[in-house]
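Report on the following structure.
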Protein chains: 2
Amino acid sequence: MRFLLAFRVLIDELHAELARRGHADMRPMHGIVLQAITRGGSTAADLGRLLAVSKQAAGKTIDGLERLGYVHRVPDPHDTRRKIVRLTERGADSLEQSARIFDELRARWARELGEDRLRALEDDLRRMTPPDLFRLDVPGWFGGMG
Amino acid sequence: MRFLLAFRVLIDELHAELARRGHADMRPMHGIVLQAITRGGSTAADLGRLLAVSKQAAGKTIDGLERLGYVHRVPDPHDTRRKIVRLTERGADSLEQSARIFDELRARWARELGEDRLRALEDDLRRMTPPDLFRLDVPGWFGGMG
DNA sequence: CTATTACGACAACCATGTTGTCTATCGTAG
DNA sequence: CTACGATAGACAACATGGTTGTCGTAATAG
């Protein structure tokens, strides 16, 4: 299964470059979570639903991201139970850098394979995969329990 | 990145079918480990080297596989320190079934995309990824520590 | 024979996921 | 307005999988 390897190679290159640009403590997971937060995962419970994990797991992940300074929690004025998760400046910067690096990596693939082949590859993958993109349970899915 | 999603879709379909054929307790990791064992991962230390994890981690994984009845350990007559890991009949069967299901899944992709496109996709991926295929540290790599 | 290397086991620890329980708060049905 | 069900988040206990470190024992190199 080359797909995992391809993913891994890309993500490794992304994070190597990200480290050079000041985000050495980012992990592959973090990027996914940060993106999910910008797409509506405003609280731990929301994030859990979005990423198909329990709210507890989402909460722990947010803890980690908060420790690293990529997000912070602010109380929701309309609902004292909720704590809204927001990207810090550092968190937003990491997403910007990631997007930029992704573009560069794609350009490299285009140079290597040709724009036509790459576009065909992307089309084929889109065709064979479901549209719902976010899933965080990779560690548990890959290894975990039944 | 669609690659992870494509991998995930395929692996999920593989394991759904595998479950129907009597291997419901297999996890994605297990298949990789079993394959690695047939490719020379005869002991915990070997396996660790092959999969780029510590021998302790490999040992724990073998423990799990042994509990599930996919492998068993036999003492090495030439080296009393070593314990050779062997696939049980059940373990070998799971690999056979997996190979068969993979062929079926590839055939489905070929019907969907056309044999030419699929072959092009495979060529392109091979071109863009390193040849070394085995890597077990996915959970730790994806989420784990820095 | 001795010194180094290597194997496997054990322990402590971190990261991630799970379920279950608890309190506080929201929202709505009555 | 009150009471009850649903929800947010915190905490605890546990399983998996990864790490490093230590240790006893066995193979091997000098």
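Model, not experiment: these values are computed from the prediction. Hydrogens, waters and symmetry mates play no part in the numbers below; they use all other heavy atoms, side chains included. Chain naming here is simple, since letters A, B, ... match the order of the sequence lines and numbering starts at 1 in each.
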>> What's A/Ala45 touching, base or sugar-phosphate or nothing? Going by heavy atoms closer than 4.0 Å.
In response: sugar-phosphate

>> Starting from B/Ile84, can I reach B/Val71 by hopping between I/L/V/M/F/W/Y residues whose side chains sit under 4.5 Å apart?
In response: no

> Quick one: B/Asp63 CG to C/dA11 C1', roughly how many Å, whole number?
Replying inline: 14 Å

> Are A/His23 and A/Asp93 linked by a side-chain donor-acceptor pair shorter than 3.5 Å?
Replying inline: yes

> Ion pair present between B/Asp46 and B/Arg49, side-chain N to carboxylate O less than 4.0 angstrom?
Replying inline: yes

>> Without decimals, in angstroms, what is the distance between B/Lys55 NZ and D/dG18 P?
In response: 16 Å

> Counting just side-chain N and O atoms, does A/Ser54 come under 4.0 Å of either OP1 or OP2 of C/dT18?
Replying inline: yes

> Rounded to whole angstrom units, what separation is found between the CD1 atom of A/Ile62 and the P atom of C/dA15?
Replying inline: 16 Å

>> Looking at B/Arg119, I want to see if its CZ is surrounded by more than 12 non-hydrogen atoms of other residues, nucleotides or ligands under 6.0 Å.
In response: no

>> Does this structure show an ion pair linking B/Arg2 with A/Glu122, if we count only N-O contacts that are shorter than 4.0 Å?
In response: no

>> Over all strands shown, is B/Ala44 touching base, sugar-phosphate only, or nothing at heavy-atom distances under 4.0 angstrom?
In response: sugar-phosphate

>> I need the residues from residues 76-86 of chain B with at least one non-hydrogen atom less than 4.0 Å from DNA chain C; give them sorted by number, or say none.
In response: B/Arg81, B/Arg82, B/Lys83

> Quick one: B/Ile32 CD1 to D/dG18 P, roughly how many Å, whole number?
Replying inline: 11 Å

> With respect to A/Met128, which candidate in B/Val9, B/Leu121, B/Leu118, B/Leu113 satisfies the side chain to side chain contact (heavy atoms under 4.5 Å, CB included) definition?
Replying inline: B/Leu113

> Any side-chain N or O of A/Thr61 under 4.0 Å from OP1/OP2 of C/dT16?
Replying inline: no

> Given atom CZ of B/Arg73 and atom P of C/dC7, what is their separation to the nearest angstrom?
Replying inline: 14 Å

>> Whether B/Arg49 contacts C/dC7 is assessed here as follows: a side-chain N or O lying under 4.0 Å from the phosphate OP1 or OP2. Is that the case?
In response: yes

> Whole-Å distance between D/dG18 P and A/Met29 CE?
Replying inline: 16 Å

> Charged N to carboxylate O under 4.0 angstrom, A/Glu66 versus A/Arg86?
Replying inline: no

>> Rounded to whole Å, how long is the line connecting atom CG of A/Leu51 with atom P of C/dT18?
In response: 11 Å

>> Let me spell it out: for each of A/Lys60 and A/Gln56, pick the nucleotide of DNA chain C with the closest heavy atom. Which residue's pick is nearer the 5' end?
In response: A/Lys60

